[in-house]
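A short write-up of the structure that comes next.
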Amino acid sequence: MMNTTFAKTLFGSGAGYAALVLRVPVGLILAAHGAQKLFGWFGGYGLEGTGQWMASIGLAPGYLMALLAGSAEFFGGLALVAGLLTRPAALVSAFTMLVAILGVHAGNGLFMANNGYEYALALFAATLALAIQGAGRLALDSLLLARIDRR
């Protein structure tokens with residue numbers, strides 16, 4: 001049986017509907033980017049191509065890095081949309097964006113037009129906020145916490 005204090009920390013949130021407004025689009029964006037890396041969907045290169053690119057910029061072993069980044073984005077994004085294990089999913093996603101900022105985009109300046117870090121920074125800030133505040137309302141986390149509280 002799960003410790004109630006731990007469950008409240010993991011699943012609880014007083015964020016209301018604002019977290020839903022943040023969770024869904026950020027989760028969809030992350031899932032789509034992860035699908036590019038993992039499956040080659042939406043014009044992506046799949047694991048093989050993404051892995052080769054990651055290795056070429058010094059993120060080795062490239063295939064493993066592509067698998068980790070793609071999985072964090074795809075599965076983390078889906079979890080954010082559903083509001084399931086929101087804090088861990090958001091934390092893993094925030095870490096992934098931090099690696100993208102520092103490992104890929106930082107040397108190019110802020111703006112996306114120069115392959116800069118502005119987009120990854122926006123996703124980092126959004127996922128970090130979700131890691132702090134939790135899923136809010138209309139989330140599977142709320143249902144899980146209610147079920148745990150009934151026990």
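- A 4.5 Å side-chain heavy-atom check between L38 and S71 finds at least one atom pair inside the cut-off.
- Considering all non-hydrogen atoms of both residues, V24 and V81 come closest at O-CG2, 3.7 Å.
- Under a 3.5 Å cut-off, the side chain of T96 and the backbone N or O of E73 do not form any donor-acceptor pair.
- Placement of V21 and L138 in two distinct hydrophobic clusters is found when ILVMFWY residues are connected by side-chain heavy-atom separations under 4.5 Å, directly or transitively.
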Exercise for the section: Check the pair K8, D149 against side-chain contact (heavy atoms from CB on, under 4.5 Å), reporting the backbone distance first and the verdict last. Expected result: CA-CA 9 Å; K8 286 181 181 176; D149 280 344; 3.7 Å; yes
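- From L144, atom CG reaches atom CG of L85 across 7.5 Å, with rounding to the nearest 0.5 Å.
- Residues Y63 and F74 are members of one and the same hydrophobic cluster, defined by side-chain heavy-atom contacts under 4.5 angstrom among Ile, Leu, Val, Met, Phe, Trp and Tyr.
- Listed by first and then second residue, the side chain to side chain donor-acceptor pair (under 3.5 Å) pairs that reach into residues 15-33 are H33-Q36, sequence neighbours excluded.
- With N114 contributing its side chain and N108 its backbone, the two residues share no donor-acceptor pair below 3.5 Å.
- Rounded to the nearest 0.5 Å, atoms CG (L84) and CG (L143) are 10.0 Å apart.
- Nearest heavy atoms, V92 versus A72: CG1-CB, 3.6 Å.
- By the 4.5 Å heavy-atom criterion applied to side chains, V104 and W53 are counted as neighbours.
- Partners of T127 under the side chain to side chain donor-acceptor pair (under 3.5 Å) rule, at least two apart in sequence or in another chain, do not exist in this structure.
- Across every non-hydrogen atom of A66 and T50, the tightest pair is CB-CG2, 3.7 Å.
- Heavy atoms only, all atoms of each residue included: G136 and A15 are closest at CA-CB, 3.9 Å.
- Scanning both residues, A89 and G76, for their nearest heavy atoms gives CB-O, 3.9 Å.
- Residue L22 is found in a hydrophobic cluster whose other members, listed by chain and number, are V26, I29, L30, L80, M97, L98, I101, L102, L110, F111, M112, Y117, Y119, L121, L123, F124, L128, L130, I132; membership requires side-chain heavy atoms under 4.5 Å apart, directly or through intermediates.
- Heavy-atom minimum distance, G134 versus S13: C-OG, 3.6 Å.
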Practice task
Check step by step if side-chain contact (heavy atoms from CB on, under 4.5 Å) holds for K37 and L47.
Solution key: CA-CA 6 Å; K37 290 174 181 70; L47 276 175; 5.7 Å; no
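- Counting heavy atoms from C-beta on, the side chains of L20 and R137 never come closer than 4.5 Å.
- Taken to the nearest 0.5 Å, the CD atom of Q52 stands 11.5 Å off from the OH atom of Y45.
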